[in-house]
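Following: one structure in structure tokens, then a few remarks.
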Amino acid sequence: MSLPTVFDSKSPFPADFVWGVATSAYQIEGAAAEDGKGPSIWDEFCRRPGVIADDSNGDMACDHYHRWESDLELIKGLGVDAYRFSVSWPRVRPGGAGAWNEKGLDFYERLVDGLLARGIQPYLTLNHWDLPAELQANGGWANRDTVHRFVEYASGVARRMGNRVSAFTTHNEPWVIATLGYDKGIFAPGVKSHAQAAQAAHHLLLSHGLALQALRAQGCKSRLGIVLNLSPLLPATASEADHLKTRLEDGRSVRWYMDPLFKGSYPADVLEFMGADAPKVVPGDMATIATKMDFLGVNYYTRHIVSANETWDAHDSGYDVTDMGWEVYPEGLTDLLLRLHHDYPVPPMYVKENGAAFKDELDGGRIRDVQRTDYIARHIEAVAEAIRRGVRMHGYMVWSLLDNFEWASGYEKRFGIVHVDYETQRRTLKDSALWYRDFLQRQNAARTQRSAQAIGV
Ligand code: FCB
């Protein structure tokens, strides 16, 4: 296993670099219909036969709704600076509009206060995919009305806990929502329409910009931004067809989001490709989308190799492949961060998700997940390399704290650095968690040493 060079006092990470772990509401909370929570599109989607690999759902998940306190102790024990979690919109405003659910708001308030009491910074995501089902009945993200409901929701949550939350992320991975949810239909809400997907993407971006403006107007001091899933794309061969396809796919997955957020326009080649399916844009929308952010969050798991005839398979490359079938390619993270830094006027960036699913085996109460540890260590090293080459990075968060409901893959894929026995809800730290804890201790020691040097002690 290659050990990272980031342990010593010459660590390239700035003293205020934020180390964390991440989760999301639907994937861990359970309590799907408790204390006044309304149904989300994922509650409904999971009921369709055949859409989730193991026919499961998030009804129970990791039962975090009831175990939040011991989970916070677990997080504290890791020695992280921050915990990234999401609020379930239908838990706090069950119908997406109308009455608020006090019990739901109380839950997140307890969570935020519990984090602060343990010295952990709360990083709150507003939309990690679980849209209130009632809004989907009117078209969901494809309906412009949802934009305004989202802004109300964001304002309500921020009014309640904005002064205590370090950072708000508006949306997690709008590409996944629009493309997998409204185009391919393999994620909730399971719609298959190019036009609806394009419109949903536009509305997600628009609601992001409007929410930023609303939160700032109400005096919210937390850092505000969005989280995108981005990957470098490379052609499988030197053929012209592969190059053209790569350029287009880069447009659809990277530039379609980065250009409007940082340049105020959609990429012309993608608009042309969409033709009549291109989204309806109202004058003023693009300027709203480009509202200045305090941070950009990047989720990185792998690179993508593009072939015009779709013959390429991650197993062909010779690199290790995770249980998701994703190639392990840490260099891609350095490449990606450098590209974003060079091509766009980006604010400080965070890796908001990075991690890997592998098959784990309990061995006398221990999980020796060497591959996951190696994956995380090598990606941290990739971030270090980006920093050495001039990229402003403010944080790194492991996906995920816990094994959890991995969307259409159900519970079959385990991303946690903490193992969850779903029968007993017992949590066991995997070797990767022990490694991360140890790594963070050394980082903290390096920090202390540096600040002592800085003040001449
Ligand atoms: C990301 C999601 C996250 C998790 C990881 C594996 O796309 O944001 O919820 O499912 O992938």
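No hydrogens, no waters, no symmetry mates; every other heavy atom, side chains included, goes into these values. Both counts, for ligands and for their atoms, begin at 1 and track the order of listing.
Side-chain rings of Trp42 and Phe187 approach one another, their centers coming within less than 6.0 Å. Aromatic ring centroids of Tyr350 and Tyr396 lie 6.0 Å or more apart.
Residue pairs meeting the side-chain hydrogen bond (donor to acceptor under 3.5 Å, both in side chains) criterion with at least one partner in residues 74-83, sequence neighbours excluded, are Thr23-Tyr83, Asp81-Arg447. Among pairs with a residue in residues 125-147, those fulfilling salt bridge (charged side-chain N to carboxylate O under 4.0 Å, His left out) read Arg144-Asp285, Asp145-Arg149, at least two apart in sequence or across chains. Evaluation of the salt bridge (charged side-chain N to carboxylate O under 4.0 Å, His left out) test over residues 190-200, restricted to residues two or more places apart or in two chains, returns none.
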Measure and list all N/O to N/O distances between ligand 1 and the protein that fall under 3.5 angstrom.
unit_1: ligand 1; atom_1: 7 (O); unit_2: Glu173; atom_2: OE1; d: 2.5
unit_1: ligand 1; atom_1: 7 (O); unit_2: Glu173; atom_2: OE2; d: 3.0
unit_1: ligand 1; atom_1: 8 (O); unit_2: His128; atom_2: NE2; d: 3.3
unit_1: ligand 1; atom_1: 8 (O); unit_2: Asn172; atom_2: ND2; d: 2.9
unit_1: ligand 1; atom_1: 8 (O); unit_2: Glu173; atom_2: OE1; d: 3.4
unit_1: ligand 1; atom_1: 8 (O); unit_2: Glu173; atom_2: OE2; d: 3.4
unit_1: ligand 1; atom_1: 8 (O); unit_2: Glu353; atom_2: OE1; d: 3.1
unit_1: ligand 1; atom_1: 8 (O); unit_2: Glu353; atom_2: OE2; d: 2.9
unit_1: ligand 1; atom_1: 9 (O); unit_2: Gln27; atom_2: OE1; d: 2.8
unit_1: ligand 1; atom_1: 9 (O); unit_2: His128; atom_2: NE2; d: 2.8
unit_1: ligand 1; atom_1: 9 (O); unit_2: Trp407; atom_2: NE1; d: 3.1
unit_1: ligand 1; atom_1: 10 (O); unit_2: Gln27; atom_2: NE2; d: 3.4
unit_1: ligand 1; atom_1: 10 (O); unit_2: Glu406; atom_2: OE1; d: 2.8
unit_1: ligand 1; atom_1: 10 (O); unit_2: Glu406; atom_2: OE2; d: 3.1
unit_1: ligand 1; atom_1: 10 (O); unit_2: Trp407; atom_2: NE1; d: 2.9

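Each of His202, His171, His148 was compared with Ser207 under the side chain to side chain donor-acceptor pair (under 3.5 Å) criterion, and only His171 meets it.
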